[in-house]
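Quick notes on the structure that follows.
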Amino acid sequence: MSIKYIYNKGLTLVELLMALAVVSVILAGSAQNIMDFVLNNRAAAQVNELQSSLRHARHEAIKRNRSITVCQSADASSCSGNWEDGWIVFMDTNNNDVVDANEQVLQRHAGIEQGTKLAFNQHRVVYAKNGTPRDGSNGSFVFCDSRGADASIGIVIGPSGRPRPATDLELSGFYRTAETAGLTCS
């Protein structure tokens, strides 16, 4: 007579609870990382859109041999509102910082995502025909989200007019350089 062995292929209650505890710890630890990943990518996308507009404006100023203005715009057709409301790039032929009837809007950008702040120490950036910022319109943009100043991202427009990412030194909670003075996430 042969003896048959019956193997239990299930889990005991203790094994199941231990597995759930391990999975819970792993998920709890990774949830914040996933949220940071999403917020970092969202902020990077918004920064890239602004940098693209600034580069486009600089390129157009050189190409057209005319002043090109990037200004904050709540209605996508005039210089109004805050930077968070959006911005436009236009050919300012008479250099009056106003989109006149005969001036072409080259690019429109809608407002940034809700809960994100965008600050700049000027109400506009004007690129001269050689691509340099005119009338002291160089400075620094700062993007902040719900994480505050520690996760802020900046764009610096230096004397050459080329927009570049701000360095970590410039983004350590407060901007410390002369061109970034006064910008915070508040």
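Just the heavy atoms: all of them, side chains too, but no hydrogens, waters or symmetry mates, feed the values below.
Here the CD1-CG distance, from Ile157 to Asn138, works out to 7.5 Å after rounding to the nearest 0.5 Å. The line from OG of Ser146 to CD of Gln114 is 12.0 Å long, rounded to the nearest 0.5 Å. Of the inter-residue distances, the one linking Ile155 atom CD1 with Leu54 atom CG reads 6.0 Å to the nearest 0.5 angstrom. With rounding to the nearest 0.5 Å, the separation of CD1 in Ile153 from CG in Asp145 is 7.5 Å. Interatomic distance, CD of Gln107 versus CD of Glu49, reported as 9.5 Å (0.5 Å rounding). We find the CG-OG distance between Asn121 and Ser140 to be 6.0 Å, quoted to the nearest 0.5 Å.
Taking Asn102 as the reference, nothing meets the side chain to side chain donor-acceptor pair (under 3.5 Å) condition, with sequence neighbours excluded. Residues that satisfy the salt bridge (Lys or Arg N to Asp or Glu O under 4.0 Å) test with Glu103, not counting sequence neighbours, are absent from this structure. Scored by the side chain to side chain donor-acceptor pair (under 3.5 Å) test, Lys63 finds Glu60 as partners (sequence neighbours excluded). Applying the side chain to side chain contact (heavy atoms under 4.5 Å, CB included) test to Asp85 and every residue at least two apart in sequence or in another chain returns Ala74, Asn82. In this structure, Arg162 has no salt bridge (Lys or Arg N to Asp or Glu O under 4.0 Å) partners at least two apart in sequence or on a different chain. For Arg42, the side chain to side chain donor-acceptor pair (under 3.5 Å) partners are Glu113, not counting sequence neighbours. Residues passing the side chain to side chain donor-acceptor pair (under 3.5 Å) test with Glu15 are Thr12, sequence neighbours excluded. Scanning for salt bridge (Lys or Arg N to Asp or Glu O under 4.0 Å) contacts around Asp36 gives Arg147, with sequence neighbours left out.
Judged purely by atom type and a 3.5 angstrom limit, Asn40 has no side-chain atom pairing as donor or acceptor with the backbone of Ala44.
Across all their heavy atoms, Pro163 and Gln51 have their closest contact at O-NE2, 3.8 Å. Across Ala128 and Ala61, no two heavy atoms sit closer than the pair O-CB, 3.3 Å. Pairing each heavy atom of Ile88 with each of Cys79, the nearest pair is CD1-N, 4.5 Å. For the residue pair Ser80 and Asp75, the shortest heavy atom distance occurs at OG-OD1, 3.8 Å. The two residues Arg64 and Gln104 make their nearest non-hydrogen contact at NH1-OE1, 3.6 Å. Summarising the geometry of Ser73 relative to Ser78, their closest heavy-atom pair is OG-O, 2.6 Å, with the distance given to 0.1 Å.
Taken together through direct or relayed side-chain contacts under 4.5 Å among Ile, Leu, Val, Met, Phe, Trp and Tyr, Leu106 and Leu50 form part of one hydrophobic cluster. Note on Ile68: it clusters hydrophobically with Val125, by side-chain heavy-atom contacts below 4.5 Å among ILVMFWY residues. Met91 and Tyr127 fall within the same hydrophobic cluster, defined by Ile, Leu, Val, Met, Phe, Trp and Tyr side-chain heavy atoms under 4.5 Å apart, directly or through other members.
Between the side chains of Arg134 and Ser67, at least one donor N or O lies within less than 3.5 Å of an accepting N or O.
Applying the under-4.5 Å side-chain rule to Ile, Leu, Val, Met, Phe, Trp and Tyr, the cluster around Met35 extends to Leu39.
Side-chain contact between Val99 and Val105: present, with at least one pair of heavy atoms (C-beta onward) separated by less than 4.5 Å.
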Side chain to side chain contact (heavy atoms under 4.5 Å, CB included) between Thr69 and Val89, intermediate numbers included: CA-CA 6 Å; Thr69 299; Val89 177; over 6 Å; no

Worked check of side chain to side chain contact (heavy atoms under 4.5 Å, CB included) between Phe143 and Thr116: CA-CA 7 Å; Phe143 281 87; Thr116 306; 4.2 Å; yes

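Sequence neighbours left out, not one pair with a member in residues 104-139 passes disulfide bond (SG atoms under 2.5 Å apart). Legend: ring-ring contact (aromatic ring centres under 6.0 Å, His included) pairs involving residues 20-69, not counting sequence neighbours: none detected. Evaluation of the ring-ring contact (aromatic ring centres under 6.0 Å, His included) test over residues 63-117, restricted to residues two or more places apart or in two chains, returns Trp83-Phe120, Trp83-Phe141, Trp87-His109.
Applying the 6.0 Å contact sphere to CZ of Arg124 captures more than 12 heavy atoms from other residues, nucleotides or ligands.
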